[in-house]
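A quick write-up on the structure given underneath.
Note: hydrogens, waters and symmetry copies are ignored here, and every other heavy atom, side chains too, is used. Order of the sequence lines sets the chain letters (A, B, ...), proteins ahead of strands, with each chain counted from 1.
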2 protein chains.
Amino acid sequence: MANQSSRLDQIFAALADPTRRAIVMRLCAGEASVGELADPFDMALPSFMKHIHVLQTSGLVLSEKSGRVRTCRLSPDALLGAEDWFQQQRAIWEARLDRFEAYVMKLKKEKERAGAKRPSRTTKRKGSE
Amino acid sequence: MANQSSRLDQIFAALADPTRRAIVMRLCAGEASVGELADPFDMALPSFMKHIHVLQTSGLVLSEKSGRVRTCRLSPDALLGAEDWFQQQRAIWEARLDRFEAYVMKLKKEKERAGAKRPSRTTKRKGSE
DNA sequence: TGTATAGTTAGCTTCATGGCTAACCAATCG
DNA sequence: CGATTGGTTAGCCATGAAGCTAACTATACA
């Protein structure tokens, strides 16, 4: 009951593993059984199953057992959710860039008005924008 | 020296932690010193520094020390790199959907031609499409 | 019915992660 | 100079992740 990890935590953690990313990529191309999924990996089945389980609890993958075969498929919603996060960050980032550009323009104008005064000895910049 | 983890591994692992996502979000709005970044978090500085370090080695964050202040800023390239991964997956996914739709259309036509024959006992689908 | 197949459970190791304290530079400031 | 501030290094601890083997369940096939 102490485990308070958000959906995004789980999704990114799931995708941080190359095996699991490969599974997701494979599932993007269509559903598959656990055995089919495990085949290309040089790994004991129980270890592989753990990856499947991580993907499931993250919500990225759904599965259903029929007979003795468990078929896995991708849940596109979860994937889109994570993609959204990036797009939100990018939106903020780009807004900042716009503001920064505006700031540079302002600087430029001020410079035009003031001309070059001191011999610029600042190779590094400390400015907080 | 045995640690062979790809850039994407590191980026997703970095983003799997809510503290680090918060740092990235904050940096999206502009660069900041370590102290400024650490301020909202109830965490000892060395612990916080570890997060900064993880973000740096993942390539998401760059920093530069001037005087006794270290200023951090976002590396948008890394963020875009991760976003790309999602878009690639989505492209594959959507291509599959298109193929699936085509497949359903084909099924429909076949059904039209054949009518309902056997009492369909296949609730499950096994097809590798 | 008996055997092979497909997953699953249990339990163990090892190493990485995330947190802490304490002590330590190195710039600033009074 | 001496104290403060901002960051860093070192080292400890608890937890969780990623792998394994061995043994088990349950379906499918002959």
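Separating the CG atom of D42(A) from the C1' atom of dG19(D) is a distance of 12 Å, rounded to the nearest angstrom. The CZ-C1' distance, from F41(A) to dG19(D), rounds to 15 Å in whole Å. Rounded to whole angstrom, the span from the NE2 atom of H51(A) across to the P atom of dG7(C) amounts to 16 Å. Taking atom NE2 of residue H53(A) and atom C1' of nucleotide dT9(C), one finds them 12 Å apart after rounding to whole Å. As a whole-Å value, the separation of K50(B) NZ from dG11(D) P is 13 Å. In this structure, L55(B) atom CG and dG18(C) atom C1' are separated by 14 Å, rounded to whole Å. If you measure from atom CD1 of I52(B) to atom P of dG18(C), you get 13 Å, rounded to the nearest angstrom.
Across all non-hydrogen atoms, the minimal contact from L55(B) to I23(B) is CD1-CG2, 3.6 Å. Annotation for A13(A) and A16(B): closest pair N-CB, 3.5 Å, computed over non-hydrogen atoms. A pairwise comparison of heavy atoms in Q56(A) and L62(A) identifies OE1-C, 4.2 Å as the closest pair.
In the region residues 10-25 of chain B, proximity to DNA chain C at under 4.0 angstrom, judged on heavy atoms, holds for D17(B), R20(B).
Every residue was checked against the side-chain contact (heavy atoms from CB on, under 4.5 Å) condition with R68(A), not counting sequence neighbours, and none meets it. Judged as a ring-ring contact (aromatic ring centres under 6.0 Å, His included), and not counting sequence neighbours, the contacts of F48(B) are F41(B). For R26(A), the side-chain contact (heavy atoms from CB on, under 4.5 Å) partners at least two apart in sequence or on another chain are L37(A), P40(A).
Classified by interplanar angle (parallel below 30°, tilted 30° to 60°, perpendicular above 60°), the ring pair F86(B)/F86(A) is tilted.
Contact check, S47(B) against dG18(C): no side-chain N or O comes under 4.0 Å of OP1 or OP2.
At a threshold of 4.5 Å between side-chain heavy atoms, the hydrophobic network of Ile, Leu, Val, Met, Phe, Trp and Tyr places I11(B) and M25(A) in one connected group.
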Side-chain donor/acceptor pairs under 3.5 Å, residues 88-95 of chain A, sequence neighbours excluded:
from	atom 1	to	atom 2	distance (Å)
R90(A)	NE	E83(B)	OE1	2.9
R90(A)	NE	E83(B)	OE2	3.2
R90(A)	NH1	E94(A)	OE2	3.4
R90(A)	NH2	E83(B)	OE2	2.8

Each nucleotide N or O in nucleotides 6-9 of chain D that has a protein N or O under 3.5 Å away: list the pair and distance.
from	atom 1	to	atom 2	distance (Å)
dG7(D)	OP1	V34(B)	N	3.4
dG7(D)	OP1	R70(B)	N	3.4
dG7(D)	OP2	G35(B)	N	2.8
dT8(D)	OP1	R70(B)	NE	2.5
dT8(D)	OP1	R70(B)	NH2	2.9

